[in-house]
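Because the structure is predicted, anything quoted here is derived from the model rather than measured. Just so it is clear: chains get the letters A, B, ... in the order the sequence lines come, proteins before strands, and each one is counted from 1.
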Amino acid sequence: MPILAQEIARRIGARGSTAGFGPGPRSVSGFASRRQGGLADGLSTMSRTLVKDALNAAAPMDAILLQGWVRTRRDAKAFSFIELNDGSCLKGIQIVADAALPDYAHITKANTGASLEVRGKLVESKGSGQKWEVVATGFTVLGEADVTYPLQKKGHTMEFLREIAHLRPRSNLFGAVFRVRSRLAYAIHQFFQDKGFYYVHTPIVTASDAEGAGDMFRVTTLDLANPPKTEDGAIDHAKDFFGKKTFLTVSGQLEAEIFACALSNVYTFGPTFRAENSHTSRHASEFWMIEPEVAFCDLNGDMDLAEEFVKYLIRDIRSHCPGDLEFFAKFVDKDLLARLDFVLNQPFKRCSYTEAIEILGQSGKTWEHPVSWGDNLQSEHERYLTEEHFKCPVTVYNYPRAIKAFYMRQTDGCAEGRETVAAMDLLVPGIGEIIGGSQREERLDKLRAGMVLHHLDEKNYWWYLDLRRFGTVPHAGFGLGFERMLMFVTGVGNIRDVIPFARTPGTAEF
RNA sequence: UGCCCGGUAGCUCAGUGGCAGAGCAGGUGACUGUUAAUCACUUGGUCGCUGGUUCGAUCCCAGCCCGGGCAGCCA
């Protein structure tokens, strides 16, 4: 985190109006020595000001350099208005270019989508609608954009923009989404680092293939057209790169447990891969997941942490991305801000799986999938609980043992036929499950029994069992879907629209 | 993977078994401290692909491809 903070401080420079990436300090001489402008033949030597900083300026500036992309241009007889956006924030800044400028003839090259460098003065705007504007003293069209530039000033569907994922970050919506994505990632590290958690990098290539989290992508260097065979004709995986079958990870949890049982409080944050043939708005083949793992912690502590975590993230985005959130509230989800604030101000509801089954049974609803103790809660059930019954994020805990993973801690004192494990799912309105977690089975004999129940071979988990042989401790953790959290916080309804370049079945473009 | 909906101009969509439509974008002109500017005129089409029915198919039928929604799987 200190490294991140330093890095960001370095890149942004001293806060205020002169921040930039430009070489050397801002200087009027650099500005003055500049050629008069026109078409691209090099960058200015003057230090650049980001649009964000220009818009937040406290006072006029005699000399300013802006670089960005033209959103729209409105020509008048004697001058032209250009809205310039550089992605530093949602808003663009208005440039006023007088027809008397030496290179004004080139203004027609500054079409929507063109990249532009503008030199001028930051002054209070004469028009309404903005506080500041830049009166250009010169400009350079660095890269033209012809009429085939696909982004228009209005009216694009998400589906269309998805097909031009290389240009959609230049749109208002996706600029906002990816600025929030960046901040959310930062907030995740900040939350855990401030609480004394250590960041663990768990492997992306793994040989563990039975964590019950879904189908896995194979990783191999074998010649698929002519793989090596064993004597009985099967593919000889011993000849593969790692000497065994390997896959892309579906979870870093088991490895995180190793580190929790050494550093006490750890978290992972990295890419995860699922080869499920899922076609829904909330599933992707490649997504990012945060998996905290805490030693000396039970299920209640786990649920507390999950709630504190989710609220922290919402609060952070609420206070650090106000402009982008307002945009989402205006164009994506009218109720967004009210919902986020509501979530912040409520203790999350908690109910056991058994209670949930009772609530669903007494709801008076007719369910497409019948409600029965021992069956998984279906989407319609989860949605009812969080959106209609509790109208609030709700954590459901203690699920039937038979439908949950082998490593989850068996609940003591269950009635015959009603055995549960210490699992929990956090459900939120609109998205459904955003967190899944559990207290892990720390008792060696119970864990081995669980592995038998799930038909797992102990030989593949010898190291996992060792954690219970040597200094075992109660511990717990959960997985938060990064993109699902981002959907919740932005109101964007499709996971493909909160991932820069989404991977879904049949799609790996860009 | 199952069920449902869709594919017509650059974008968003209407439409019909018989000459292919609108709004926006683009172009031209006018006007304007404009800001999704406005007004007039205007360019623009393999109607997803393949096959079938028909005198004639963008329209009806079949198969395929692509996109979306819901469900399952899960985060």
Write down the partner of B/rU34 under the Watson-Crick or G-U wobble criteria, each distance required to be under 3.5 Å.
none
Short side-chain to backbone donor-acceptor contact, A/Arg496 and A/Thr504, under 3.5 Å:
no
Identified pairing partner of B/rG6, criterion: Watson-Crick or G-U wobble below 3.5 Å
B/rC66
Please determine, for B/rC41, whether a Watson-Crick or G-U wobble partner exists with both distances under 3.5 Å, and give it or none.
B/rG27
Assess whether one donor atom and one acceptor atom, taken from the side chain of A/His283 and the base of B/rC74, lie less than 3.5 Å apart.
yes
Near-ring test A/Phe191/A/Tyr267, centroid separation under 6.0 angstrom
no
Could you please name the option among B/rU12, B/rG33, B/rU34 that lies closest to any side-chain atom of A/Thr157?
B/rU12
May I have the distance from A/Leu167 (atom CG) to B/rC11 (atom P), rounded to whole angstrom?
13 Å
Rounded to whole Å, the CG-P distance (A/Leu151 to B/rG26) equals 13 Å
Regarding A/Arg339 and the six-membered ring of A/Phe488, is the cationic atom NZ or CZ under 6.0 Å from the ring centre and inside 45° of its axis?
yes
CZ/A/Phe217: more than 12 non-hydrogen atoms of other groups inside 6.0 Å
yes
Rounded to whole Å, please give me the gap between CH2 in A/Trp132 and C1' in B/rG33.
18 Å
Watson-Crick/G-U partner (both atom distances under 3.5 Å) of B/rU16
none
Letter per nucleotide, 5' to 3', of nucleotides 64-71 of chain B [B base touched, S only sugar-phosphate touched, - untouched; heavy atoms, 4.0 Å]
---SSSBB
Salt-bridge test for A/Arg350 and A/Glu307: reply yes if a basic N is under 4.0 Å from a carboxylate O, no otherwise.
yes
Atom-pair distance (CZ on A/Phe160; C1' on B/rG7), nearest Å
15 Å
Please check if the distance between the ring centroids of A/Phe482 and A/Phe269 is under 6.0 Å.
yes
For B/rC74, does OP1 or OP2 lie under 4.0 Å from any side-chain N or O of A/Arg274?
no
Over all strands shown, is A/Ile495 touching base, sugar-phosphate only, or nothing at heavy-atom distances under 4.0 angstrom?
base
Between the side chain of A/Arg401 and the main-chain N/O of A/Gln410, is any donor-acceptor distance below 3.5 Å?
no
A/Gln94 CD to B/rA37 C1', in whole Å, measures 12 Å
In terms of relative ring orientation, are A/Phe510 and A/Phe501 parallel, tilted or perpendicular, with 30° and 60° separating the classes?
tilted
Residue met sooner reading RNA chain B from 5', once A/Phe81 and A/Asn111 are mapped to nucleotides:
A/Asn111
Kindly indicate whether the side chain of A/Gln130 and the base of B/rU34 share any N or O donor-acceptor pair separated by less than 3.5 Å?
yes
Taking the nucleotide of RNA chain B with the closest heavy atom to each, which residue, A/Ala76 or A/Glu83, is nearer the 5' end?
A/Ala76
To the nearest Å, how far apart are A/Phe79 CZ and B/rG33 C1'?
5 Å
Length of the CG-C1' vector between A/Asn376 and B/rA75, whole Å:
14 Å
Atom CG of A/Asp75 and atom C1' of B/rU28 are separated, to the nearest Å, by 14 Å
